[in-house]
Amino acid sequence: MQQETQTRNGAVKLNGHQVQLTNQSKIYWPEEKITKGELVDYYLSVADIMLPHLKNRPMSLHRFPNGIKGVSFYQKDLDVKNIPDWLKTVAIHASSTGKDVDYLLCNNEATLAYMANLGCIEVNPWLSRTTNLDNPDYIVLDLDPEDISFKHVIDTALCIRDILEEMDIGSYVKTSGSTGLHIYIPVACKYEYEVCRFFAQHVATEAHERMPDVTSITRAKAQRKHKVYIDYLQNSFGQTVAAPYSARPKPGATVSAPLLWKEVTGKLKISDYHIGNMHKRLDKVGDLWKEIHKQRNDLKAIIKNMDQN
DNA sequence: AAACCCT
DNA sequence: AGGGTTTATCAGCGG
DNA sequence: CCGCTG
């Protein structure tokens with residue numbers, strides 16, 4: 001006897017390729033009874049808007065073969081010999097091992113469906129693209145509350161936006177889909193990771209000076225208790241951040257949702273954005289991050305002033 | 001590893 | 001018998 | 001989850 005609820009299989013034709021879908025009825029979010037099939041459907045429903053944000057970015061796969069409560073594992077290196085030949089990968093040299101790692105690229109909806117079927121609930125792209133692997137398109141600040149109310153995350157985010165605005169630097173904000181917010185500063189591949197990280201640290205430090213009681217910028221976990229941790233260390237070669245519109249392996253099937261800055265208020269709730277309602281929001285507001293690549297913030301003046309350290 | 005097939 | 005190929009509602013592991 | 005190994 002088969003467990004019919006776990007085995008429904010099938011295939012879809014996307015971008016001219018046959019994509020095998022397995023275990024579409026398997027429960028991935030037990031509390032909400034959301035299935036893997038619904039995860040695949042979600043990604044296909046947002047593909048048009050999401051894919052431009054993924055194009056030519058190496059992917060780290062975070063796979064949850066048994067849903068959000070099951071054991072997960074990370075996979076970067078694909079076995080190129082034994083995956084469908086239509087998948088695109090890029091070989092990147094890993095200095096630590098001296099070997100090449102074949103990273104998956106997700107440039108079409110067939111690949112997005114393939115990834116979701118592998119149990120990739122999240123989509124985790126690099127900050128840089130294959131065309132310019134050493135130069136990220138944007139700088140990322142990751143705000144994470146550690147045993148502190150979410151309203152302090154909002155205050156911290158607005159403080160950071162103000163600091164950037166004072167430097168005439170535009171920024172984008174989204175929910176992380178987990179507990180915090182992500183702020184992106186587009187720089188159009190003008191700087192290498194080290195410069196980006198340095199700038200991010202500068203902004204984080206300034207925010208911490210303005211809000212010393214509720215923020216922390218130190219790696220040590222103990223010093224982050226009851227603080228909003230401003231993580232600037234993600235701006236490094238090979239690091240990833242959950243992409244805009246990425247689902248998250250969290251209760252409520254939340255997604256990382258691009259926001260307008262004016263939506264960052266006391267009313268903001270991360271749980272309001274999930275795979276069940278994102279499509280409706282996109283019909284209404286479209287891609288709020290559509291222009292992110294057109295903005296080129298110039299950090300030159302600021303970096304020069306930071307140089308004496 | 002075992003079953004199966006072909007000289 | 002000796003070699004090559006296929007199968008297993010496989011099990012175990014690694015990514 | 002999926003494909004390789006025994």
Side-chain angles (χ1 to χ4, degrees), chain A residues 1-15 17-47 50 54 57-126 130 133 177 236-243 245-251 253-255 275:
Chain A
M1 262 293 136
Q2 285 287 55
Q3 203 92 51
E4 168 66 29
T5 51
Q6 292 208 18
T7 51
R8 181 165 304 152
N9 289 7
V12 282
K13 190 161 191 174
L14 296 165
N15 313 109
H17 310 296
Q18 209 65 24
V19 184
Q20 291 300 327
L21 300 177
T22 57
N23 297 300
Q24 289 175 95
S25 307
K26 189 168 189 171
I27 301 291
Y28 263 37
W29 280 267
E31 286 166 39
E32 301 81 3
K33 297 198 179 61
I34 297 171
T35 63
K36 186 167 81 167
E38 289 171 279
L39 178 68
V40 174
D41 291 345
Y42 164 71
Y43 276 119
L44 291 178
S45 78
V46 299
M50 184 174 190
L54 309 181
R57 296 180 192 283
M59 294 285 165
S60 277
L61 308 187
H62 189 189
R63 297 176 56 181
F64 291 77
N66 293 294
I68 71 168
K69 294 282 166 59
V71 174
S72 74
F73 61 95
Y74 288 90
Q75 180 178 12
K76 295 177 175 179
D77 202 3
L78 270 71
D79 186 0
V80 176
K81 289 257 97 73
N82 204 7
I83 53 176
D85 57 5
W86 50 266
L87 288 172
K88 275 217 165 70
T89 59
V90 57
I92 300 176
H93 191 71
S95 48
S96 54
T97 57
K99 302 194 70 170
D100 277 0
V101 171
D102 293 307
Y103 285 89
L104 183 63
L105 301 177
C106 183
N107 292 352
N108 58 36
E109 48 194 326
T111 308
L112 203 48
Y114 177 86
M115 285 175 69
N117 188 61
L118 284 180
C120 298
I121 294 173
E122 316 183 86
V123 173
N124 295 131
W126 281 30
T130 53
L133 280 177
S236 301
F237 189 84
Q239 289 279 107
T240 61
V241 180
Y245 310 106
S246 171
R248 304 303 305 271
K250 301 285 170 187
T254 45
V255 309
I275 67 174

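Residue numbering restarts at 1 for every chain, and letters A, B, ... go by the order of the sequence lines.
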What's A/Lys76 touching, base or sugar-phosphate or nothing? Going by heavy atoms closer than 4.0 Å. nothing

Give, for atom CG of A/Leu133 and atom OH of A/Tyr103, the distance between the pair rounded to the nearest 0.5 Å. 9.5 Å

Regarding the side chain of A/Asp79, the nearest nucleotide among D/dC4, C/dG15, D/dC1 is D/dC4

Given A/Leu14, which of A/Asn108, A/Leu44, A/Thr111 fulfils the side chain to side chain contact (heavy atoms under 4.5 Å, CB included) condition? A/Leu44

Considering only the P atoms, how many Å lie between C/dT9 and C/dT5, rounded to the nearest integer? 23 Å

Would you mind reading off the distance between A/Tyr103 atom OH and C/dG15 atom C1', rounded to a whole angstrom? 13 Å

Using the C1' atom on both, measure C/dG12 against C/dA8 and round to a whole Å. 14 Å

Take the protein atom OH of A/Tyr28 and the nucleotide atom P of D/dC1, then report the distance between them rounded to whole Å. 6 Å

Rounded distance in Å between the P positions of B/dA2 and D/dG6: 15 Å

side-chain N/O A/Lys26 vs D/dC1 OP1/OP2, d < 4.0 Å: yes

Separation of A/Phe73 atom CZ from C/dG15 atom C1', in whole Å? 6 Å

A/Met115 CE to A/Tyr43 OH distance, which is reported to the nearest 0.5 Å: 7.5 Å

A/Gln75 CD to C/dG14 P, in whole Å, measures 14 Å

Rounded distance in Å between the C1' positions of D/dC1 and B/dT7: 42 Å

Gap between atoms CZ and P, on A/Phe64 and D/dC2 respectively (whole Å): 17 Å

Integer angstrom distance from the C1' of D/dC2 to that of B/dC5: 30 Å

A/Tyr114 vs A/Trp86 aromatic rings, parallel, tilted or perpendicular, using cut-offs 30° and 60°? perpendicular

Which whole number of Å gives the distance between the P atom of C/dA11 and that of B/dA3? 16 Å

Rounded distance (Å) that lies between atom P of D/dC1 and atom CD1 of A/Ile27: 13 Å

Note, A/Leu39 side chain near A/Cys120 side chain (heavy atom, < 4.5 Å): no

Round to the nearest Å and state the distance from A/Asn23 atom CG to D/dC2 atom P. 6 Å

Interatomic distance, A/Gln24 CD vs D/dC1 P [rounded to whole Å]: 12 Å

